[in-house]
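Down below is the structure, laid out as C-alpha cells.
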Amino acid sequence: MKKDVTLTVKGKFVNKYKSGYPLISKEAIINFNEVTEEGTIIRLVDEKNKFIAKGYFGKQNKGYGWVFSRNEKEQIDQSFFENKLRAAINYRESFFNNPDTNAFRIVNGEGDGLGGLTIEYFDGYYLINWYSKGIYRFREYIINALKGLVEFKAIYQKKRFDVSGKYIEDDDFVAGERGTFPIIVKENGEHFAVYLNEGAMVGIFLDQRDVRKRIRDSYANGKNVLNTFSYTGAFSVFAVLGGAAKTTSVDLANRSLGKTIEQFSLNGIDYDSQDIIVEDVFHYFKYAVKKQLKFEMVILDPPSFARSKKIVFSAEKDYKNLLKEAISITADNGIIVASTNSSSFNMKKFKSFIDQAFKETKRKYQLVEEFSLPKDFKTIKEYPEGSYLKVVFIKNLP
Ligand code: SAH
C-alpha cells in the first residue's frame, strides 16, 4: 500500500477525535491538502504531533474518510479486517440463527468500525456496498476476510461511489455461483423478492424490519391503510398480512407497480383487491382531499431528498407540510406512521415538525411509540448522526 500521510487536527477538534468521533472532515484538519489519493492511510495527530487515531482517506457525501483505529501500533492489514468482520458477524449471531428472517445487515459502516462499508446478507448471498473509492482500495482484504469467515452462495458488490450511478457491471459479481434473481428472502415469516443486480435499491429496505412487524402485529387489523412513497409496497404487504381491510400504495416510479404486484403475489395476496397507484404523492393527497377519503392508517416514508417533475422534496424543509397533508386525510383516532431516514436532523427536531404540523392544522395528537434502527444496523454513541432512522407512530386525536 501507499505511504501513510500524517494530518494535523485543529485544536478545537482534538477532543472530539480523542473521544471516538469516526468521520474525518476537511474542516477539522490543518493540512488537508496533503492527502490526495483515495485509500491512503491517514494518521491523525494533534498540533504537538501526538498520535490520536488512524484511518483512511475516502471521499463520500458524508466526509473524507473514517477512523479505523485509535491504537498507533495496529496495522491496517488482512488480520485487521478479519477481526472487524468476525466481531461484526458474532454480533449478529441471533440473526443467523433466526428461522423466520434471513435478510439482515452484517456490517454497518462506522457502527462496526468500518466506515464507508456495509454488507448485507440475503439467504446465503452477501452484498457489499462500497461508499468510496478509498474503502474500495481495501477490497481484497475485505473480500478475503468475508470468504474466510462465512459460507456463501455468492458475493455481490455495489460501487456506490460511482458517480455515473452505474452501480452494476459484470464484474460486480464477486465470488461463488451467480444467482438467478429475484431471490426470495424471508422476514418475520413473510417473503420478499430481492434483486442484487438492479442498481442501488434491491427491493427491500432492511432497516424498517421492526416497523413492518409492528404494523402487522399491532396496528393493521381492520384498517384502511395508505402507504405513501411505497416503493415495492413492503409496508402494504405487512399491513395486509396483519388483517388490513385494504391498502393503497402510492409511488411515483413506474417500476413500483410491477414490484408491488410481485411482493403481494409472493405472499399469497390477491393484488387486485389492493390499490397500487403510480402517481406523485402530492397529487394523490389533493385527489384524496377532493374525494373526502379518510384512512385509519397513513404511512409516510419519503426519501430524504427527491426531485419529481414539479416538486423538489427535502425532508428537512418539507416534512412538516407532508404531515399536514397526511393529517387532512387521516380519520379521527387514526395512526400516522411518520418515518424519515434523513441524517440532517435528529429525533427532537423531527418531533418539532410533528408538533408544528398538528398545531397549524389545529388538531391534537398523541405520540404512541417510536422506532430507530434495528439491532443489526449497529451504531456508536460517538457518532449519533449514524442513527439516521426515526419513526414515530402518531395518533390523530378527534
Ligand atoms: N417506503 C418504502 C421505501 C421508500 S423509497 C419501503 O418501505 O420500502 C422512496 C420512494 O419514494 C421511491 O420508490 C421513489 O420512487 C418514491 N418517490 C419519491 N418522490 C416521490 C413523490 N413525489 N411521489 C411519490 N413517490 C415518490
Side-chain angles (χ1 to χ4, degrees), residues 103-105 120 122 165 182 185 187-188 190-195 198-216 219-220 225-242 244 247-264 266-267 274-288 297-319 321-326 329 336-343 371-374 377 388-393:
F104 49 89
R105 188 165 278 199
E120 290 179 334
F122 297 98
V185 302
E187 181 186 283
N188 291 308
E190 320 301 358
H191 296 90
F192 287 120
V194 167
Y195 295 79
E198 276 196 351
M201 306 205 288
V202 301
I204 179 78
F205 288 100
L206 300 176
D207 54 2
Q208 297 279 15
R209 179 191 311 112
D210 295 347
V211 181
R212 283 189 283 269
K213 182 173 192 300
R214 195 83 175 123
I215 288 174
R216 182 192 64 185
Y219 285 91
V225 178
L226 175 64
N227 179 13
T228 63
F229 306 94
S230 55
Y231 182 41
T232 64
F235 283 123
S236 306
V237 167
F238 268 64
V240 174
L241 296 169
T247 63
T248 302
S249 306
V250 183
D251 195 291
L252 184 66
N254 284 323
R255 61 166 187 241
S256 65
L257 176 61
K259 295 233 170 246
T260 305
I261 289 175
E262 180 179 37
Q263 307 292 27
F264 276 141
L266 263 180
N267 291 284
Q274 310 298 322
D275 280 346
I276 307 168
I277 298 173
V278 178
E279 194 181 18
D280 193 311
V281 159
F282 296 96
H283 287 176
Y284 182 78
F285 282 132
K286 295 210 166 57
Y287 162 84
M297 178 165 228
V298 176
I299 299 166
L300 302 173
D301 183 29
S304 301
F305 192 82
R307 194 186 297 272
S308 61
K309 271 182 204 126
K310 288 185 202 120
I311 301 165
V312 177
F313 176 85
S314 137
E316 192 168 11
K317 286 208 197 83
D318 303 318
Y319 211 107
N321 287 333
L322 178 65
L323 278 160
K324 286 168 76 173
E325 305 257 21
I329 57 166
I336 296 174
V337 179
S339 171
T340 180
N341 58 10
S342 174
S343 49
F371 286 80
S372 54
L373 286 171
F377 284 64
Y388 60 85
L389 186 69
K390 299 166 275 292
V391 184
V392 184
F393 284 56

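Every value quoted in this text rests on a predicted model; they were computed, and no experiment measured them. Ligands are counted one by one from 1 in listed order, and the atoms in each one are counted from 1 as well.
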Using a distance-only test with no angle check, is there a side-chain donor-acceptor pair under 3.5 angstrom linking Asp301 and Tyr231?
-> no

Name the orientation class of the two ring planes belonging to Phe282 and Phe285 (parallel below 30°, tilted from 30 to 60°, perpendicular beyond 60°).
-> perpendicular

the protein heavy atom lying closest to atom 22 (N) of ligand 1 turns out to be Asp280 OD1, 3.2 Å

The answer for which part of Gln208 has a heavy atom under 4.0 Å from ligand 1 is neither

Ignoring hydrogens and angles, tell me if any N or O in the side chain of Arg209 forms a donor-acceptor pair with the backbone of Ala103 under 3.5 Å.
-> yes

For Ser304 and Asn341, does a side-chain donor sit closer than 3.5 Å to a side-chain acceptor?
-> yes

Has ligand 1 got any nitrogen or oxygen that is less than 3.5 angstrom from a nitrogen or oxygen of Thr228?
-> no

At what distance is the nearest protein heavy atom to atom 15 (O) of ligand 1, and which residue and atom is it?
-> Asp251 OD1, 2.7 Å

Identify, by atom number and element, the atoms of ligand 1 in contact range of Arg255, meaning under 4.0 Å from any of its heavy atoms.
-> 12 (C), 13 (O), 15 (O)

Considering only the protein, which heavy-atom contact is closest to atom 19 (N) of ligand 1, and what is its distance?
-> Ala306 CB, 3.7 Å

protein heavy-atom neighbour closest to atom 1 (N) of ligand 1 works out as Asp301 OD2, 2.7 Å

Side-chain H-bond candidate by donor/acceptor type, Thr248 with Gln274, under 3.5 Å = no

Verdict with reasoning, Arg255 to Met201, per side chain to side chain contact (heavy atoms under 4.5 Å, CB included) | CA-CA 12 Å; Arg255 61 166 187 241; Met201 306 205 288; 3.1 Å; yes

Per-residue contact class, Lys259 against ligand 1 - non-hydrogen pairs under 4.0 Å | neither

heavy-atom search around atom 25 (N) of ligand 1 in the protein gives Leu252 N, 3.1 Å

At under 4.0 Å between heavy atoms, what of Phe235 touches ligand 1? The answer is side chain

May I ask whether Glu279 has any heavy atom positioned less than 4.0 angstrom from an atom of ligand 1?
-> yes

For the side chain of Ser256 and the backbone of Thr232, is there at least one donor-acceptor N/O pair under 3.5 Å apart?
-> no

Who's the nearest protein heavy-atom neighbour of atom 9 (C) of ligand 1, and how far?
-> Pro303 CD, 3.8 Å

With the threshold set at 4.0 Å, does a side-chain nitrogen-carboxylate oxygen contact exist between Glu187 and Lys213?
-> no

Ligand 1 to Pro302 polar contact by distance, N or O atoms, under 3.5 Å = no

Proximal candidate to atom 26 (C) of ligand 1 [heavy atom criterion; set Phe205, Phe229, Phe305] | Phe229

How about Phe122 and Phe104: are their ring centroids closer than 6.0 Å?
-> no

Quickly, which of Phe235, Phe238, Phe393 forms a ring pair (Phe, Tyr, Trp, His ring centres under 6.0 Å) with Tyr219? Name it, please.
-> Phe393

What residue and atom, counting heavy atoms only, is the protein's closest point to atom 23 (N) of ligand 1, and at what distance?
-> Val281 N, 2.9 Å

